[in-house]
Student: 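Quick one: this structure, given as structure tokens, is what I'll be asking you about.
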Amino acid sequence: MPLTLATWNINSVRLRAGLVARLLRDEAPDILCLQECKSPVDKIPAEVFTALGYTHMIARGQKGYNGVAILSKLPMEDVGDMDFAELGHARHVAGRLENGVVIHNFYVPAGGDKPDREINEKFGQKLDYLTGMRDWFHSERPEKAILVGDLNIAPREDDVWNHKQLLKVVSHTPIEVEHLAETQDAGGWVDVTRADIPSGNLYSWWSYRSPDWDTADKGRRLDHVWATPDISNAAHSSRILRDVRGWEQPSDHAPVFATFDL
DNA sequence: ATGGTCGGCTACCGA
């Protein structure tokens, strides 16, 4: 049976509930994972999503910052969350479908401006968060699982608009790319988006600060869909809905979609 | 080298 799943950093689920509804109506994924909801769970406008058939929601929230939610048409069981690097942030939640597939939804710390943990505590927290993920997947190797989210790292040269220029910019530094690769390897995760779209520049985020984001196209691929081999070995396809970045009052991220044949 | 724009929530922090 096909399963379509999407991940989208929404940058305030309350402000953009209408955009979420539009995406759900237009594209009708089975599951939509949101990050940066910036809302306590009880203030997420769940009734908007319920009315469209997304009657199951698994979420973690806090006031003003972070926050992750899984909206689903299919029944899901809440299987908990992790607080890597002990930040006390709502950055992860996981749910299990009735067929046993576990969905992990992550919002990895952005890491601040300076890529040096000695002068920027946030950068150290980002690396520590990834190390926590790595150690967890190493100790409990996932099976039949899909991991999505804003991982805040663009690992490949063609995941950024200018590789050389971004080597010292947080999100594309070698140490971050190395930490992400170790996390991926520890879980045996396959990068589904790049398995489906193996070459060419591919972005999921364009800064608000770029006046003409579409023409300038100074993007980065920060949002990812990974799966364990038992899932990725079957057929799948992917796309990034770039047009959504051009909607009225948009998020700075575009949704990333994947369809699996489970 | 710098500044550019957002959102949340109290006037600045985080992205």
Side-chain angles (χ1 to χ4, degrees), chain A residues 7-23 33-45 48 59-69 83-92 105-117 119-130 148-155 159-162 164-173 176-177 179-180 203-224 242-256:
Chain A
T7 178
W8 192 15
N9 178 317
I10 192 61
N11 187 17
S12 175
V13 72
R14 281 182 281 177
L15 186 68
R16 286 186 244 283
L19 296 194
V20 174
R22 180 175 169 188
L23 186 80
C33 296
L34 300 171
Q35 303 86 35
E36 273 206 275
C37 296
K38 293 185 172 177
S39 172
V41 173
D42 61 2
K43 293 193 171 158
I44 295 174
V48 174
R60 297 292 186 274
Q62 59 186 94
K63 195 176 162 187
Y65 303 98
N66 311 311
V68 287
D83 179 27
F84 299 114
E86 295 165 332
L87 301 174
H89 297 171
R91 295 185 176 275
H92 169 252
N105 183 13
F106 276 100
Y107 175 49
V108 171
D113 280 336
K114 299 262 191 298
D116 178 353
R117 71 186 309 155
I119 57 173
N120 169 20
E121 183 187 32
K122 287 185 175 31
F123 192 72
Q125 290 172 349
K126 181 178 196 175
L127 298 180
D128 293 346
Y129 192 93
L130 290 158
V148 306
D150 178 1
L151 306 184
N152 265 313
I153 297 172
D159 290 337
V160 295
W161 66 279
N162 187 320
K164 279 188 82 172
Q165 203 163 324
L166 288 172
L167 276 170
K168 290 181 177 170
V169 174
V170 172
S171 73
H172 192 61
T173 64
E176 290 170 88
V177 171
H179 275 66
L180 189 68
Y203 315 137
S204 65
W205 174 87
W206 295 262
S207 172
Y208 285 127
R209 294 174 188 172
S210 185
D212 194 349
W213 69 273
D214 197 23
T215 308
D217 201 20
K218 294 183 174 181
R220 305 176 203 170
R221 189 172 70 101
L222 304 180
D223 304 277
H224 298 266
R242 182 185 174 110
D243 287 354
V244 172
R245 178 64 177 80
W247 286 1
E248 181 84 21
Q249 200 172 27
S251 166
D252 45 356
H253 294 252
V256 181

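Fair warning: this is a prediction, and the values are worked out from it, not measured in the lab. Naming: A, B, ... by sequence-line order, numbering from 1 per chain. Note that these values count all heavy atoms, side chains included, but never hydrogens, waters or copies made by symmetry.
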Student: Between A/Y129 (OH) and B/dA15 (P), how many Å, whole number?
Tutor: 13 Å
Student: Rounding to an integer number of Å, can you tell me how far A/N152 CG sits from B/dG14 C1'?
Tutor: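 In whole Å, B/dG14 C1' lies 11 Å from A/N152 CG.
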Student: Between A/S171 and A/R220, what is the shortest heavy-atom contact and its length?
Tutor: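 For A/S171 versus A/R220, the nearest heavy atoms are OG-NH1, 3.1 Å.
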Student: Given atom CD of A/E176 and atom C1' of B/dA15, what is their separation to the nearest angstrom?
Tutor: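 Distance check: A/E176 CD to B/dA15 C1' gives 14 Å.
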Student: In whole angstrom, give me the gap between the C1' atoms of B/dA1 and B/dG7.
Tutor: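 Those two atoms are separated by 27 Å.
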Student: Using the P atom as the reference point in each nucleotide, state the distance between B/dA11 and B/dT5 in Å, no decimals.
Tutor: 23 Å
Student: If the C1' atom of B/dG4 is compared with that of B/dC9, how far apart are they to the nearest Å?
Tutor: 23 Å
Student: To the nearest angstrom, how far is A/Y107 atom OH from B/dG14 atom P?
Tutor: 11 Å
Student: Starting from P on B/dA15, measure out to CD1 on A/I10 and report it in whole angstrom.
Tutor: 17 Å
Student: Can a salt bridge be assigned to the pair A/D128 and A/R117 using a cut-off of 4.0 Å between side-chain N and carboxylate O?
Tutor: yes
Student: For A/K114 and B/dA1, give me the distance from atom NZ to atom C1', rounded to whole Å.
Tutor: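 So the NZ-C1' distance, A/K114 to B/dA1, works out to 11 Å.
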Student: Residues two or more places apart in sequence or in another chain: which of them pass side chain to side chain donor-acceptor pair (under 3.5 Å) with A/S210?
Tutor: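 Checked A/S210 against side chain to side chain donor-acceptor pair (under 3.5 Å); zero matches.
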Student: If the P atom of B/dT10 is compared with that of B/dC6, how far apart are they to the nearest Å?
Tutor: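 The same atom, P, in both gives a distance of 23 Å.
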Student: If the sugar-phosphate is the primed atoms plus P, OP1 and OP2 and the base is the rest, what is the B/S/- string for nucleotides 5-13 of chain B, using protein heavy atoms under 4.0 Å?
Tutor: BSSSSS---
Student: With sequence neighbours excluded, what pairs up with A/D243 under the side-chain contact (heavy atoms from CB on, under 4.5 Å) test?
Tutor: none
Student: For A/Y203, check side chain to side chain donor-acceptor pair (under 3.5 Å) against everything at least two apart and list the hits.
Tutor: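 Partners of A/Y203 under the side chain to side chain donor-acceptor pair (under 3.5 Å) test: A/N201.
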Student: Excluding sequence neighbours, so at least two apart, what forms salt bridge (charged side-chain N to carboxylate O under 4.0 Å, His left out) with A/R91?
Tutor: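 Per chain and number, A/R91 pairs via salt bridge (charged side-chain N to carboxylate O under 4.0 Å, His left out) with no residue.
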Student: Using the C1' atom as the reference point in each nucleotide, state the distance between B/dG8 and B/dG3 in Å, no decimals.
Tutor: 22 Å
Student: What residues form a ring-ring contact (aromatic ring centres under 6.0 Å, His included) with A/W213, not counting sequence neighbours?
Tutor: A/W206
